[in-house]
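Below is one structure, written out as structure tokens, with a few remarks after it.
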Amino acid sequence: MIKNSIPFWEDAYKDKDAVAFSSEPNPTLKEFEHLINKSSQIIDVGCGEGQNAFYLAKNGYCNVTAFDLSENAVVKLNQKCASEKVRVNAFTADLRTFRFERKYDLVMSFGTLHFVHKADWKAFINSAKEHTCPGGIHIMQIFTDTVPASDDIAPFAVGLAKDKEITKMYEDWEILQFKSYTFEDEHPGVPKHVHASNKIVAHKI
């Protein structure tokens, strides 16, 4: 990321009443949730305010880990978990230097990978694949350069993927779903804008 620049979402992370992106879990997580069980080892990479990790933990998944680069995001998630008596192992970490200490049944990352350079997110995915249990699932969403990065993220989106580039990372896995799409987005204090995105759900055979 750009030094000495603060992304808009940090203000929302600091405000307990604001929502930077969404308070609801990602629909793809809910669609494929049936492939994991309540004791599955789960990690949410770049969790932000933690809506996905919180959703799983609140619904009985007992081994949910989440991390984000933002200390404010992790504090907000931990406060929410404490108030709702929900357990998530949430901490601050940088996916560029994160080292897996165990294997996981579900590794997910929504809208985060493009904020590091391409070599870094590819290295991370390769490490995540190595640390995924047989039969495990990855759900990865990354923005692409099909449309230019919007003004709100342009200084930080240093690793935009080419369309379908992420599918090459999973050629040795079973791809359960792949979507290439654009969508309109809006955040507190940020005008409506468009992102191009790829989302992949892959199964380790």
Side-chain angles (χ1 to χ4, degrees), residues 1-3 5 7-10 20-22 25-32 42-53 66-70 73 93-100 104 106-132 136-187 190 192-205:
M1 291 188 182
I2 307 300
K3 290 183 178 179
S5 283
F8 73 86
W9 51 84
E10 285 294 341
F21 299 103
S22 174
N26 191 280
T28 304
L29 172 60
K30 296 183 75 172
E31 182 179 354
F32 288 93
I42 298 162
I43 187 165
D44 185 3
V45 178
C47 63
E49 292 158 297
Q51 66 270 26
N52 297 302
F67 73 81
D68 197 277
L69 184 64
S70 170
D94 187 330
L95 71 84
R96 294 170 294 184
T97 56
F98 177 75
R99 295 294 178 265
F100 288 93
Y104 289 89
L106 170 62
V107 182
M108 56 183 174
S109 181
F110 296 99
T112 295
L113 297 176
H114 47 269
F115 292 128
V116 301
H117 289 285
K118 190 173 292 189
D120 291 317
W121 64 252
K122 288 187 174 184
F124 175 80
I125 287 179
N126 282 330
S127 181
K129 288 172 66 180
E130 291 175 7
H131 291 87
T132 301
I137 302 295
H138 281 197
I139 306 175
M140 300 288 178
Q141 180 200 10
I142 187 169
F143 288 1
T144 74
D145 62 3
T146 302
V147 299
S150 55
D151 291 343
D152 59 318
I153 68 165
F156 312 101
V158 296
L160 293 176
K162 297 293 183 185
D163 189 48
K164 301 181 181 178
E165 184 174 12
I166 198 168
T167 63
K168 294 180 172 60
M169 304 294 298
Y170 291 97
E171 289 178 335
D172 54 338
W173 286 28
E174 178 188 12
I175 295 178
L176 301 178
Q177 184 183 92
F178 173 73
K179 292 183 178 180
S180 174
Y181 57 100
T182 58
F183 66 97
E184 211 173 49
D185 206 3
E186 190 173 14
H187 313 294
V190 179
K192 280 187 178 180
H193 50 278
V194 174
H195 298 300
S197 179
N198 282 177
K199 188 184 293 181
I200 191 167
V201 183
H203 168 233
K204 186 172 185 177
I205 301 170

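Just so it is clear, the model here is predicted, and its values are computed rather than measured.
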Is there a side-chain contact between [X] and [Y] in this structure, where contact means two heavy atoms from C-beta onward sitting under 4.5 Å apart?
| X | Y | value |
| --- | --- | --- |
| W121 | I125 | yes |
| L113 | L95 | yes |
| K199 | N26 | yes |
| F183 | H195 | yes |
| E31 | Q177 | yes |
| K122 | E165 | yes |
| I153 | F143 | yes |
| F115 | L69 | no |

Could you walk me through whether W173 and H203 pass the side-chain contact (heavy atoms from CB on, under 4.5 Å) check? CA-CA 6 Å; W173 286 28; H203 168 233; 5.6 Å; no

Can you name the closest pair of heavy atoms from [X] and [Y] and give their distance?
| X | Y | value |
| --- | --- | --- |
| G48 | A73 | O-CB, 3.3 Å |
| K30 | P25 | CD-CG, 3.7 Å |
| F100 | S127 | CD1-OG, 3.4 Å |
| A196 | T146 | CB-CB, 3.7 Å |
| S180 | D163 | OG-OD1, 2.5 Å |
| A53 | M108 | N-CE, 4.3 Å |

From CD (Q141) to CD1 (I166), nearest 0.5 Å: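 The distance works out to 9.5 Å.
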
Could you measure the distance from the CZ atom of F124 to the CG atom of D94? Nearest 0.5 Å is fine.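 The distance works out to 10.5 Å.
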
Check: [X] side chain, [Y] main-chain N or O, donor-acceptor pair, under 3.5 Å:
| X | Y | result |
| --- | --- | --- |
| H193 | S150 | no |
| T132 | A128 | yes |
| S109 | V45 | yes |

Using side-chain contact (heavy atoms from CB on, under 4.5 Å) as the criterion, list what pairs up with T167, not counting sequence neighbours.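 By the side-chain contact (heavy atoms from CB on, under 4.5 Å) rule, T167 matches K164, I175, F178, I200.
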
side-chain contact (heavy atoms from CB on, under 4.5 Å) partners of A93, counting only residues at least two apart: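 In terms of side-chain contact (heavy atoms from CB on, under 4.5 Å), with neighbours along the sequence ignored, A93 is linked to F67, F91, F98.
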
A quick test of your reading: do over 12 heavy atoms of other residues, nucleotides or ligands sit less than 6.0 Å from CG of D172?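 Counting other residues, nucleotides and ligands, CG of D172 exceeds 12 neighbours.
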
Residue from D68, N52, T112 passing side chain to side chain contact (heavy atoms under 4.5 Å, CB included) with D44: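 The single option meeting the side chain to side chain contact (heavy atoms under 4.5 Å, CB included) with D44 is N52.
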
Lys NZ or Arg CZ of K129 over Y170 ring: under 6.0 Å, within 45°: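 Verdict for Y170: a cation-pi partner in K129.
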
